[in-house]
Structure formats: structure tokens, C-alpha cells
Amino acid sequence: MKISNGMEDKLLKPYDPKTTEERIYKLWEESGFFNPDNLPGDRKNPFTIIMPPVNANGSLHAGHGLVMTIEDIMVRYKRMQGFKTLWLPGLDHAGFETQVVYEKKLEKEGRTRFEMDPKELYKEILDFTLVNSKNIKSQIRKMGASCDWSREKFTLDENVVKAVYQTFKRMYEDGLVYRGNRIISWCSKHQTSFSDLEITDEERTDSFYYLKYGPFTIATSRPETKFGDKYVVMHPDDKRYQNYTDGQKIKLEWINGPIEATVIKDKMIDMEFGTGVMTITPWHDTADFEIAERHKLDKEQIIDENGKLLPIAGEFAGQHIKKARPSIIEKLQKKGLVVKIDENYKHVVRTCYKCGTVIEPQIKSQWFVKMKPLAEKALEKINNGEINYIPEHYKKITTYWLDNIMDWNISRQIVWGISIPAKICIECKHGMVDLENNISKCTKCGGRIIQDSDTFDTWFSSGQWPFITLGYPDNNDFKTFYPTDVMETGGDIIFFWVARMIMLGFYITGEIPFKTVYLHGMVLDAKSQKMSKSKGNVIDPLILTEQFGTDAFRMGVVVGNTVGTSLALSPDKIRGYKNFANKIWNAARFVLDNTKDYTIPENPKYDEEDAKSNKELKELMKEITKEMDEYKFYLVAEKLYHYFWHTFADIIIERSKKKILKNKNADSAKALLFTHLITLLKVLHPFIPFVTEEIWSMMPGKNKNLLMIEKWPS
RNA sequence: GCGCGGUUAGCUCAGUUGGUAGAGCAACCCGUUUACACCGGGAAGGUCAGGGGUUCGAGUCCCUUACCGCGCACCA
């Protein structure tokens, strides 16, 4: 056995990822083994991971680097273990997220979407995502991802849209989707409604105004919404107000003149807070809306969709609420209606998670998903332990959310997304699902109808991703690979995506879409700070792989990083693993050089210490296989690093030098070197696929497989 | 307000069912020997956030306090 010609020269230089990685990836891709249908042997048991579709609105960031690494480790491990392994890649149009990115681009160019033809805008964004997609796919390849490109999906693919429509229709018929005229969260900058998850609570210090409202003093932080307030609410048990009765009319002087107010008694009022009395603005406050619903009160819009005051505000009509407040207060003061102002009022304000604009609740007619029935089924499955959560505490977080779930507004007033296949009656606001486009008048009142111009919340479609990508219901892939094995994604989208996939997946297919949920933490910068463009501390994973090699990046991102905790990404750490790749390279050189003219027997005879080392390695294999099955990659990677360097290189190789030189127990030493190298290359492969595959290609032996399909030693 | 994490060496973090505290990086000393200076050998470094409890024994289990991070919430 000899080192094949030409390879010896290469081994004499340090390991060079740059000249290796692209070539090796091509070798893998051309082998066809990324596709489970092409894998050799009789593989009965499937192993499936659906890749979280990557947002096609930018390029790969550090978080993606972690995703690709962890999922590739799982997939390569299972492939080597003989599973029929599918890792299905995808790209996400990412609705609102992408539109926000594109709007920023427009802004820079001095344009705005509000002056564009929606079709034109859609086409521009589509082109934008197509360009990004191409780039992203090449970046995923650079990470070494062994996913099946032949099954790649995009969230706007025709059959995806079709499947989403089917789901929408089915839910409508089952009464799980309804058109509701309800209070929703509205961002006046982005001009769209949101679900509760797109809202960020922000703590602020504002002024708190105590105003004279007839015989009462009411307190508010938003005087600009108070123009139409004609109901004054207090707790039925509040002794201070026991002389006032429910429904009692009171004439009083208000901002723009005399009004007649009605007393309402409601237990929701907190007697301890403020003065224990408040007026309500049902159109622009969720709690007030509920009170109004409960008592069947009038609701009146005060603020329009741009955040400007409507004619009800009288002289202030047309002014933006932000600007109007001081002059409203001034007027109130002149009228003697301001009792006092507390300037250090700390409270929580709901804001748009993208732009920080204060959310203005509005009453609008939208599509909602009735969540309770869906959540109950999901809860049952989760509580039965049918889904394995890693880390486990995410289970509690999920069930808490499911226990307190609210109906989901899935209408978005943006163009970039899947349009909602429905007709809306302009007279009675009735909504009708219409996939075939054959409804011409309102089915309820016979009135005129229009096409719903809204698009779906992007999570409504991606919530169906696992079964759609596999071709539910008839495709063989669905029958073979569903339910999938692992859903690996970020803990930050546990409600947005994971919980909804469980609910929608179970609703449509009758099965939970995945058996294990593996949630990684945030990737932070070297100082453990959140990466952000404004801070300028964003680390591009591709720069690190360029500098130190993909293998080094992968090791650096895995070793010692317990699941779910955030990860500080430091170039120093990555550099350390570049050295590791080189160490492996040189150790391989030594082994190959010293076993050139040696043929390893089937059952090598070891001397005492070598036999002990051989046994130790076998024990290590057992240990790490168990840990791989427990998803403790952070431990396995560290152990392998340590064993390779400080046992194999420092002890076994050093020891072998004496034996081989003095030709004393040389055969034992050579056999041990050889078998150790082979075993270690195999188990290191899922972590550092490039350098191990490259060395493997230089190993002697005829009809050799690619390392990626070699059998995992256990 | 409620909930969930975290606090271990200078830094970043491991520590499986309780049994003499571990790694990487950094710093320190020495060293060119069949691979590798992207290296080898050696030494140093910790009241495991504070307090209390259970136990023969606690970094690990229980209670409590503080601080950091995150999530959820209709207190006007």
C-alpha cells in the first residue's frame, strides 16, 4: 500500500482549506449522495430534517452558520449510520421581513412603495429575492451543507401556494378561519396589521395626565385619543363611586364642548390604579374594546391609519397625534380640565418590532384563525411527551403560550406575499374563500364584492412547511419522510414558527410534523453582545470561513456550546480550530508516511500499551455515539478534539516513533496508528467534513467510498 | 407583575445519576526531537455570586437574596 502519487507533495504543505473545500464539495454533490434515493445499501429507516427556509432578503449571517453546521452534523452522522437521510433545503420569501428590507432600499433611492403600482413592486421584490437566493445557495454550499438540492423549495413555488390555499379553504369550512371585524395592532409607518407576536413591548417614561371629567378625575397617558370618550367606567364594588349607577347619564364639559357621558360598571377596573375611574376609547385600545363589546357600547374611530386625527377632533383634525398632544393639553388647561400632570410615569408601550413606531390599535375587518381548538390538540401531544424538546425548558414556554393563546390575525396589507384567495363584500364586509375565482356577489347579502387585496402572514404558509415540502398528501416523499425527525431552529421563533407548525401540521396530516425540536441560542459577537448593523459588530461567517476554513468555523461554533445558550463568536476561537485542522493534516502525513510499506492484517496484534489504547478508543466511540444520540455535539466535538490532539498525536504518535525507529513492536505501533486514524477521521467527519474527506482520499485502498458514506464506528 | 435562563480560572464556557474542580484562548518558564512553531514539554491560576438547609459528603438537590439576559402580560 502506498500513498497515491501526487498526494505526497500536497501533504508536505500545511492544510489549505481554500484549495480544498470547493473541490470536495463538488465531489460530494456529484456523487449524488445528498439525495437519499442514491444512497448505497438497503436503507430502511429514514432520517429527515427540513431546513428552516432561509430568508431571501440578504445573505447568510452568523446564525445561519450555526444552523447549517448543527444540521449538517446531525445529517452526516445519521447518513454514516445507515439511515435514509434527507435534509431538504429551502428559501423563504419572508413576506413582511423582506418588504421592510426592500422599503429601506427604496427609501435610499428616494422612492416609496406607496407611490408604486403593487404589481410593479411585487415584481421588483421578486427579482431582488431571486438574486439573493442564488447568492445564499452558494453560501450554504460553502458551509459544507449536505442537503438535497434536487428537492429544494421556495415558499412561493406554485405547489406551495396551492397547498396553502387548500389549507385556508379547509380551515374556513371547518370554522377555524373567520372574517372578523375586530381590534388589531396597526403600524402607521408600515401600513399593515400584525399578529400579537410582531409587537415589542417597550418601557417608557411619559407624562400621565389627570383630567377633570365631569364629577370624576380620570387619568390617561394618551389625551389625544379622548375626544370621543363618552363612557366612564368604574368598579361595581368601589365605595367611592357607589352613588353612581350603571347606565346613569351625566352631562359634562369636555375637550370640544358639552357631552353626555354614560356610567358603566365593570369588574375589570383596578380600584387601586389611578383614580379608579377611566373613560374608554374602544376603537384604539384592546381593553377598552373588550369592555365595549361586553356592554354593547358604541365604538368610534378617532385616529386614521396614518396616525392623524379625524374630524371628531374638531380643530385638531388632520394633525398627527404626536404633534397634536401639546396643543390638546394646552386647550384642556385653558378650560381648567387638567387636574395635575405626573411627568415620571413609567409604563409599557407596544411598538412595531421593526421600526419602533407606537402601535395604534384599530378596528378592522381581517381574517383570523381560531386558535383554541388547534392549541388544545397540540397541548395534548406535547403534554403526552410526543415531542422531545431540546433544551427541555422550551416545552414549558411553549405550553404556557398555547394555554393562553389568542386568535391569530393572518391578514397583512402588504404586496409581498401569498395573496389571500377570498372575496369581500363591500356592503356587509362578509368574507368568502374563493379558490376558483367563481364567486361574483356576496353569498350572504347579495351585495357587490371585491377581491381581498391582502396577503397572508408569512408564518401562515411557513407554518405548513414540513408537510408541504414533502408533497402532502400523495407524494412518496411524504409517505417516506413524514413525520420528520428533527426541527432545528432558533429559540426566538418558537411561537412564530415551531408551535404553529405543530398545530397546523397536526390539523392537516393528523400527525405531529417532527419528533424532536432542537432550539439553538443566539449568536453574539466576541464580547457577548447582540450583533447589529448600527453597532457595527456584525460578524460575517463567510469572512471567517474564508480566513480560517469552514471546518474551523464549524468546530468553533460547536465546541462547548451547550444547546440553547447564546454563543459568543470569537475569531480567536476559530483560529484555534484552524490549527486543529492542520494538526490532523500533519498527523495523517506522519501516519501515511510510516505505514507506506506496511499492510495492516485483519486482526492486528498489539503489544500491551497499544492494546490498551485500542481499547480506550473503542470505549470513547461508545461514549460519543451515545452523546451524539443525545444531541450533545458540543461535548463530542470537544472530546474528539482533545483525544485527537492530546492522546493520539501527543502520546500515541510520539510513542510510535521510538518503536518504529528501533524496530521494536513496530507492527503493533503501525497498526495502531492506522486504525486510529481511520476511526478518528470517520467520527470527526460530521464536524469537519472537508479536511477529513480530503485526507480520506489519500488513504490507501481500492474501491474506496467517499468518507461521507462510510460506516460510523461504534 | 408573572415566567424562563444565567452567575465556575484573566476571557469564553464545560461539568452527565450528589463522591478530590475541567477545557480552549490569554499570560508565564523551557525547548527545534520521523508529522506539525498553525509545534512540543512544564508550571501557575478558582471561598464554584451571597446566605441558609438536606446529606457521611453539595458546583450539582431544596429555600432565599442580589445582579445580568430573555420571554409573556388589556393596569387606563
Side-chain angles (χ1 to χ4, degrees), chain A residues 11-16 183 196-197 199-201 208-211 218-222 225-226 229 233 268-281 285-291 345 347-348 350 361 391-398 400-401 403-404 406 491-492 494-495 521-522 524 526-530 548-549 552 555-556 559-562 564-594 623 626-627 630 632 634-635 637-639 641-642 645-646 649-650 653-654 656-658 660-661 673:
Chain A
L11 269 174
L12 291 176
K13 295 176 198 154
Y15 172 61
D16 181 16
I183 193 152
D196 303 292
L197 294 177
I199 310 298
T200 305
D201 292 342
F208 199 44
Y209 306 90
Y210 289 81
L211 306 176
I218 59 150
T220 181
S221 59
R222 306 194 57 199
T225 66
K226 298 277 142 196
D229 286 15
V233 192
M268 207 205 75
I269 298 295
D270 181 353
M271 290 187 270
E272 310 290 310
F273 188 84
T275 56
V277 191
M278 69 174 198
T279 61
I280 57 167
T281 315
D285 186 287
T286 335
D288 295 1
F289 177 84
E290 273 178 33
I291 293 175
Y345 176 57
H347 66 147
V348 173
R350 289 152 56 82
E392 223 184 322
H393 73 262
Y394 275 108
K395 189 191 265 189
K396 251 192 235 168
I397 297 175
T398 300
Y400 182 82
W401 185 71
D403 271 328
N404 298 285
M406 287 177 280
D492 54 335
I494 182 165
F495 306 141
M522 289 275 275
L524 309 171
K527 290 175 194 157
S528 291
Q529 287 185 314
K530 227 176 190 171
F548 304 116
M555 274 303 266
V559 173
N561 287 304
T562 12
T565 57
S566 53
L567 147 69
L569 190 58
S570 112
D572 273 344
K573 192 175 173 189
I574 311 289
R575 183 180 297 115
Y577 294 108
K578 182 198 173 181
N579 298 349
F580 180 52
N582 194 236
K583 187 76 184 177
I584 296 172
W585 185 255
N586 285 300
R589 186 214 302 193
F590 177 86
V591 173
L592 290 177
D593 209 27
N594 281 285
E623 201 178 306
K626 183 170 171 272
E627 284 159 354
E630 289 165 351
K632 292 179 179 165
Y634 61 99
L635 260 185
E638 190 177 345
K639 280 182 182 174
Y641 173 88
H642 207 251
W645 202 310
H646 299 300
D650 290 349
I653 288 185
E654 289 308 317
S656 76
K657 288 177 183 172
K658 288 172 205 143
I660 293 169
L661 257 190
L673 288 177

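All heavy atoms count here, side chains included; hydrogens, waters and symmetry mates do not.
Rounded to whole Å, the separation between the C1' atoms of B/rA27 and B/rA44 comes to 10 Å. Using atom C1' as the reference point in both B/rU32 and B/rC38, the two lie 16 Å apart (nearest Å). Taking the P atom of each, B/rC29 and B/rC68 are spaced 39 Å apart, rounded to whole Å. For the P atom pair drawn from B/rG10 and B/rA66, the interatomic distance equals 27 Å after rounding to whole Å. When the P atom is compared between B/rC61 and B/rU7, the two are found 11 Å apart, to the nearest whole Å. Look at the C1' atom in both B/rC28 and B/rA43: the space between them is 8 Å, to the nearest Å. Comparing the C1' positions of B/rG31 and B/rC36 gives an interatomic distance of 15 Å, to the nearest angstrom. A distance of about 14 Å separates the C1' atoms of B/rG40 and B/rU34, rounded to the whole Å.
Screening A/Asp288, A/Thr225, A/Asp229 for a side chain to side chain donor-acceptor pair (under 3.5 Å) involving A/Thr279 leaves a single residue, A/Asp229.
A distance-only check finds no donor-acceptor pair linking the side chain of A/Asp285 to the backbone of A/Thr281 [under 3.5 Å]. Side chain of A/Trp585 to main chain of A/Lys13: a donor-acceptor pair is present (N/O by atom type, distance under 3.5 Å, no hydrogens or angles). At distances below 3.5 Å, not a single donor-acceptor pair connects side-chain atoms of A/Asn582 with backbone N or O atoms of A/Lys578.
Distance from the side chain of A/Leu661 is smallest to B/rU34 among B/rU34, B/rC74, B/rA35. When the nucleotides B/rC75, B/rA35, B/rU34 are ranked by their closest atom to the side chain of A/Phe273, B/rC75 comes out on top. Side-chain proximity of A/Asn582 to the nucleotides B/rU34, B/rA35, B/rC36 is greatest for B/rC36. Set against B/rC13, B/rG71, B/rA35, the side chain of A/Ala568 has B/rC13 as its closest nucleotide. Considering only side-chain atoms of A/Lys583, the nucleotide from B/rA35, B/rC74, B/rG71 that sits closest is B/rA35. The nucleotide whose nearest atom lies closest to any side-chain atom of A/Leu197 is, among B/rC75, B/rC4, B/rC72, B/rC72. Closest contact between the side chain of A/His347 and the listed nucleotides B/rA76, B/rG71, B/rC38 involves B/rA76. Side chain of A/Tyr345, nearest nucleotide from B/rA76, B/rA35, B/rG5: B/rA76. Distances were taken from every side-chain heavy atom of A/Phe590 (C-beta onward) to each of B/rC74, B/rC38, B/rU34; the shortest belongs to B/rU34. Considering only the side chain of A/Asp650, B/rG41 comes nearest among B/rC74, B/rC4, B/rG41.
A sub-4.0 Å separation between OP1 or OP2 of B/rG5 and a side-chain N or O of A/Tyr394 is absent. Using a 4.0 Å cut-off, some side-chain N or O of A/Lys396 falls inside it from OP1 or OP2 of B/rC4.
Between A/Ile574 and A/Leu569 there is a side-chain heavy-atom pair separated by less than 4.5 Å. No side-chain heavy atom of A/Tyr15 sits less than 4.5 Å from a side-chain heavy atom of A/Ile584. When side chains are defined from C-beta on, A/Tyr345 counts as touching A/Ser221, because their heavy atoms get closer than 4.5 Å.
With hydrogens and angles ignored, no donor-acceptor pair closer than 3.5 Å exists between the side chain of A/Asp593 and the base of B/rU34.
In this structure, NZ on A/Lys632 lies 8.5 Å from NZ on A/Lys639, to the nearest 0.5 angstrom. Distance CZ/A/Arg350 to CG/A/Asp201: 6.5 Å, rounded to 0.5 Å. Interatomic distance, A/Thr220 OG1 to A/Leu211 CG, rounded to the nearest 0.5 Å: 7.0 Å.
In this entry the distance linking CH2 of A/Trp401 with P of B/rC72 reads 10 Å, nearest Å. We find that NE2 of A/His393 is positioned 10 Å from P of B/rC4, with the value rounded to whole Å. A straight line from NZ of A/Lys657 to P of B/rU34 spans 7 Å, rounded to a whole angstrom. One interatomic measurement links the two molecules: CG of A/Leu673 to C1' of B/rU34, which rounds to 11 Å at whole-angstrom precision.
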N/O-N/O pairs, protein side and nucleotides 44-46 of chain B side, under 3.5 Å:
none

Protein N or O to nucleotides 20-31 of chain B N or O, pairs below 3.5 Å:
from: B/rG24; atom 1: OP1; to: A/His646; atom 2: NE2; distance (Å): 3.3

Q.
Pair A/Glu654, A/Lys657 - check salt bridge (Lys or Arg N to Asp or Glu O under 4.0 Å), show working.
A. CA-CA 5 Å; A/Glu654 289 308 317; A/Lys657 288 177 183 172; 2.9 Å; yes

